[in-house]
Amino acid sequence: MITYTIAVIVGSLRKDSFNRKLANALIKLAPRELVFHHVDIASLPLYNQDHDFNPLPAVKQLKSDVENAQGLIFVTPEYNRSMPGVLKNALDHGSRPFGKNSWAGKPTGIVGASPGAAGTALAQQHLRNVLAHLDAYVLGQPEVFMQVKEGYFDEQGNMSDKTRELLQKWLNKYVAWVKLHAADAALLGTGGRKP
Ligand code: FNR
């Protein structure tokens, strides 16, 4: 069986994060050919361009986790109508040094959960803008804007059947997206990067 390593980046550091629960729920629903790796963004320092050529181990780890993945999934909350700063910090780290952008060419999915009525729509849109610039291949549709509240996930992280169906549809499309780009990369011999 061919497997695909998927790096999961959760934009919340909160212990009881809804978005981490959502990430874990997606992982549970995924086919066995996807092997997930949670990327640690909590250990990253604040980005400082002075350190581009002398990165801390946490930065090296982030870049290698992303570069070794065949796909990325961002699971993001919305903070003040955008993505959280911790997530933008991770994107900036991965984008540098100049010419060594780790995000380029990676098939990417975005989902998010928030108690707010718009369910992270604005955060996701901002994230899409940044990822377009970083040359990641972001899945367009379907979109997942989850409005959550306490009790949405049970003790085991399970959700209602309706939500599970929605996530399954998203996952099916995402898996096809990853495979499409893996085939493309194999054909081009680029390992997922643009020539
Ligand atoms: C929020 N929250 C929020 N929600 C939203 O839908 N739109 C928003 O603009 C904001 N802004 C915002 C700013 C800050 C600083 C905080 C701390 C929170 C609420 C947010 O969605 C909620 O706290 C979620 O529970 C955060 O996601 P996690 O940590 O549960 O994954």
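Just the heavy atoms: all of them, side chains too, but no hydrogens, waters or symmetry mates, feed the values below. Atoms within a ligand are numbered from 1 in the order they appear, just like the ligands themselves.
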Item to complete: Could you list all the salt bridge (Lys or Arg N to Asp or Glu O under 4.0 Å) pairs where at least one residue sits in residues 151-173, not counting sequence neighbours?
Response: D161-R164
Item to complete: Quick one: list whatever passes salt bridge (charged side-chain N to carboxylate O under 4.0 Å, His left out) with K21, sequence neighbours left out.
Response: none
Worksheet item: Transitively linked via ILVMFWY side-chain contacts under 4.5 Å: L22 with L122?
Response: no
Worksheet entry | Pair E33 + K179: basic N to acidic O under 4.0 Å | yes
Worksheet item: Can you list every pair that meets ring-ring contact (aromatic ring centres under 6.0 Å, His included) and has a residue in residues 33-77, with sequence neighbours left out?
Response: Y47-H93, F74-W103
Practice prompt. Return the protein residues near ligand 1 (heavy atom under 4.0 Å from any of its atoms), ordered by chain and residue number.
Written response: S12, R14, S17, F18, N19, P77, E78, Y79, N80, R81, S114, P115, G116
Item to complete: Mind telling me whether W177 and H181 have parallel, tilted or perpendicular rings, with 30° and 60° as the class edges?
Response: perpendicular
